[in-house]
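Note that these values count all heavy atoms, side chains included, but never hydrogens, waters or copies made by symmetry.
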Amino acid sequence: MANGINYTKVGGYFLIAAVASLIFVDCREIGTVQTKESLKHNKAVIKTIKGDGGHVIDCVDIYKQPALNHPLLINHTVELKPSSYPNGIEAISLEDELFQYWRQNGECPEGTIPIVRTQGVDHHRSKPRFNPKEIGSTPSTGHEYAQVGMYDGGYYGAQARLNVWNPASFNGEISITQTWIVGGQGQELSTLEAGWLVRSPDSQTRLFIFWTGDNYQGGCYNLDCPGFVQINSKVAIGYPITPISIYNRTQYDIFISIYKNTVSGNWWLQVGNEAVGYWPDTIVPGLRGSAEIISWGGEIFNSKPEDHHTSTQMGSHHFPIEGFGRASYVRNIQYLDNSSQFKDAEHLRTYATNPKCYDVLVKDKTSNFGTHMYYGGPGYSILCP
């Protein structure tokens, strides 16, 4: 059984679609973390599955998952599926293909969720964060972006298909392609992010989520701290995804949707036609109503090794002017307002921190790609010193 995979032939290329959510990066170290929560986790494991590349998946009792250790979720009632769906959300039929190969070796039983044992976040080695509301100015924290966004507020969701690549990263830096939702001010600033990332020295393209909110102003990756409530037994957040796009050859993309259920207040993440889980709005105070900003595109962290720009790549590592099959894209970009209907994004604002290193280009709307854009670049070069 597939993980929300769907193949579509567009312009002579086969495209693959799945769904996920997006990341607001502070570029923290990713590694294995052993804590008291790990011991609780071990007692909740129902089954263990060995994946490819030495990865291990623990199938954890859904009612004993890490999310429910959050102080605001102690008496939380798990919502096992969305009580309603917005109109226009992707409804992809499942195919007999996998985008996460661990399921070739077994399935997590009903009533459990898959957690990647070997990946965690070292919360003690973080780099400065970037305030998304500073977009338009030059950030001093090392974050660099090539993205498009909407900034008028009143948003209840964002979705798109993200072209999947494996850009090179160096010096422990992260290269990300994401969907991003932002709300709130000051200490109540909250973000929800999902998509794919690559980080050296691991260098694998992984599905990820990231969020900031109550208790975690520094942010949290995947399921490494309490908060995101997963209900899906098929999608392992933080696990590598395949296949990967190849320059001038087959292209693949992953469909990511984040939307608010206005009845429960939960912000749901969907991958393909799989509802993966949700962020209760009680833990993201800036998103207890609607979002103020939504955006899509690429992000890297430039640590300026050897006193020059990083060589960490974004997207396909080619500039957007090269177009389909060469430059990375985000397509079928849509937003959700209070009408409960996903709509094609319009009047997108572009933002490229340093266009000589990574750039962004919005293209005319088409029948297959809808509202779409190309983005990315190689990083360090003669033009990007």
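Taking 4.5 Å as the limit, some side-chain heavy atom of Pro285 sits within range of a side-chain heavy atom of Ser190. Within the 4.5 Å cutoff, side-chain heavy atoms of Thr48 are placed close to those of Val56. A 4.5 Å side-chain heavy-atom check between Thr242 and Thr205 finds every atom pair outside the cut-off. Looking at Val362 and Val148, their side chains come closer than 4.5 Å, going by heavy atoms from C-beta outward. Residues Asn166 and Val198 form a side-chain contact, since some pair of their non-hydrogen atoms from C-beta on lies under 4.5 Å apart. Under the 4.5 Å side-chain criterion, counting only non-hydrogen atoms from C-beta, Trp211 is in contact with Val284. The shortest distance between side-chain heavy atoms of Cys225 and Pro66 does not fall below 4.5 Å. Considering only heavy atoms from C-beta on, Ile181 stays 4.5 Å or farther from Ile293 through its side chain.
Between the side chain of Gln65 and the backbone N or O of Ile62, at least one donor-acceptor pair lies under 3.5 Å. Judged by distance alone, the side chain of Asp337 and the main-chain N or O of Ser339 form a donor-acceptor pair under 3.5 Å. A donor-acceptor contact shorter than 3.5 Å is absent between the side chain of Lys343 and the backbone of Gly88.
Of all the heavy atoms in Ser245 and Tyr252, the pair that sits closest is OG-N, 2.9 Å. Scanning all heavy atoms of the two residues, the minimum distance from Ile74 to Asn69 falls at CD1-O, 4.2 Å. Contact detail for Pro378 and Gln313: the closest heavy-atom pair is O-CG, 3.8 Å. Residues Thr112 and Ser233 share a closest heavy-atom pair of O-CB, 3.3 Å. Heavy-atom minimum distance, Tyr155 versus Trp267: O-CH2, 3.8 Å. Residues Leu348 and Met150 share a closest heavy-atom pair of CD2-CG, 3.6 Å.
Using bins of under 30°, 30° to 60° and over 60° for the plane-to-plane angle, the ring pair Tyr259/Phe342 lands in the perpendicular bin. Aromatic ring pairs are classed by plane angle as parallel below 30°, tilted from 30° to 60° and perpendicular above 60°; the pair Phe228 and Trp279 is perpendicular.
Pro305 meets the side chain to side chain contact (heavy atoms under 4.5 Å, CB included) test with Asn171, Glu173, Asn302, Ser303, Thr310; sequence neighbours excluded. Looking at residues two or more places apart in sequence or on another chain, you find a side-chain hydrogen bond (donor to acceptor under 3.5 Å, both in side chains) between Asp344 and Gln334, Lys365. For Asp359, there are no salt bridge (Lys or Arg N to Asp or Glu O under 4.0 Å) partners at least two apart in sequence or on another chain. Applying the salt bridge (Lys or Arg N to Asp or Glu O under 4.0 Å) rule to Lys363 yields no partners; only residues at least two apart in sequence or on another chain are considered. For Asn261, the side-chain hydrogen bond (donor to acceptor under 3.5 Å, both in side chains) test picks out Ser83, with sequence neighbours left out. Applying the salt bridge (Lys or Arg N to Asp or Glu O under 4.0 Å) rule to Asp61 yields no partners; only residues at least two apart in sequence or on another chain are considered. In this view, Tyr375 and Thr177, Ser328 satisfy the side-chain hydrogen bond (donor to acceptor under 3.5 Å, both in side chains) rule, not counting sequence neighbours. For Asp52, there are no salt bridge (Lys or Arg N to Asp or Glu O under 4.0 Å) partners, not counting sequence neighbours. When the side-chain hydrogen bond (donor to acceptor under 3.5 Å, both in side chains) test is applied to Glu322, the partners found at least two apart in sequence or on another chain are Tyr247, His318. For Pro240, the side chain to side chain contact (heavy atoms under 4.5 Å, CB included) partners two or more places apart in sequence, or in a different chain, are His55, Gln204, Arg206. Under the ring-ring contact (aromatic ring centres under 6.0 Å, His included) criterion, Tyr278 pairs with His76, Trp268, sequence neighbours left out.
Transitive grouping of hydrophobic side chains (ILVMFWY, heavy atoms separated by less than 4.5 Å) keeps Met314 and Phe170 in distinct clusters. Residues Val235 and Ile231 fall within the same hydrophobic cluster, defined by Ile, Leu, Val, Met, Phe, Trp and Tyr side chains chained together at heavy-atom separations under 4.5 Å. Ile246 and Phe319 are members of different hydrophobic clusters when ILVMFWY side chains are connected at heavy-atom separations under 4.5 Å. In this structure, Leu269 is a member of the same hydrophobic cluster as Ile254, with clusters built from ILVMFWY side-chain heavy atoms closer than 4.5 Å. When hydrophobic clusters are built by joining Ile, Leu, Val, Met, Phe, Trp and Tyr residues whose side-chain heavy atoms come closer than 4.5 Å, directly or via intermediates, Ile46 is not grouped with Leu68.
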message: Using side chain to side chain contact (heavy atoms under 4.5 Å, CB included), reason through Ser316 and Tyr374 one step at a time and then give a plain yes or no.
response: CA-CA 10 Å; Ser316 70; Tyr374 292 94; over 6 Å; no

message: Working note: His143 + Thr353, criterion side chain to side chain contact (heavy atoms under 4.5 Å, CB included); need CA distance, chi angles, decisive distance, verdict.
response: CA-CA 8 Å; His143 293 266; Thr353 309; over 6 Å; no

- request: Check step by step if side chain to side chain contact (heavy atoms under 4.5 Å, CB included) holds for His70 and Ile283.
  value: CA-CA 9 Å; His70 192 289; Ile283 67 169; 3.7 Å; yes

- request: In sequence, state the C-alpha distance, the side-chain angles, and the governing distance for Tyr380 and Thr312, and then conclude on side chain to side chain contact (heavy atoms under 4.5 Å, CB included).
  value: CA-CA 8 Å; Tyr380 177 61; Thr312 289; over 6 Å; no

task: Any chance you could lay out the salt bridge (charged side-chain N to carboxylate O under 4.0 Å, His left out) test for Lys47 and Asp58, step after step, and finish with the verdict?
output: CA-CA 6 Å; Lys47 179 180 178 180; Asp58 288 327; over 6 Å; no

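Glu144 and Asn354 share no side-chain donor-acceptor pair at under 3.5 Å. Side chains of Asn332 and Thr371: a donor-acceptor N/O pair is absent below 3.5 angstrom, by distance only. When only modelled atom types and interatomic distance are considered, Asn368 and Thr366 share no side-chain donor-acceptor pair under 3.5 Å.
The disulfide (SG to SG under 2.5 Å) contacts involving residues 275-374 comprise Cys357-Cys384, where partners must be two or more places apart or lie in separate chains.
The distance from atom CD of Gln341 to atom OH of Tyr335, rounded to the nearest 0.5 Å, is 10.0 Å. Taken from CD in Gln251 to CZ in Arg326, the straight-line distance is 9.5 Å, to the nearest 0.5 Å. Once rounded to the nearest 0.5 Å, the distance linking OH of Tyr239 with CG of Leu207 reads 12.5 Å. We find the NE2-CG distance between His372 and Asn163 to be 11.5 Å, quoted to the nearest 0.5 Å.
More than 12 heavy atoms of other residues, nucleotides or ligands sit less than 6.0 Å from atom CG of Asn87.
No close placement of the Tyr145 and Tyr358 rings is indicated, their centers lying 6.0 Å or farther apart.
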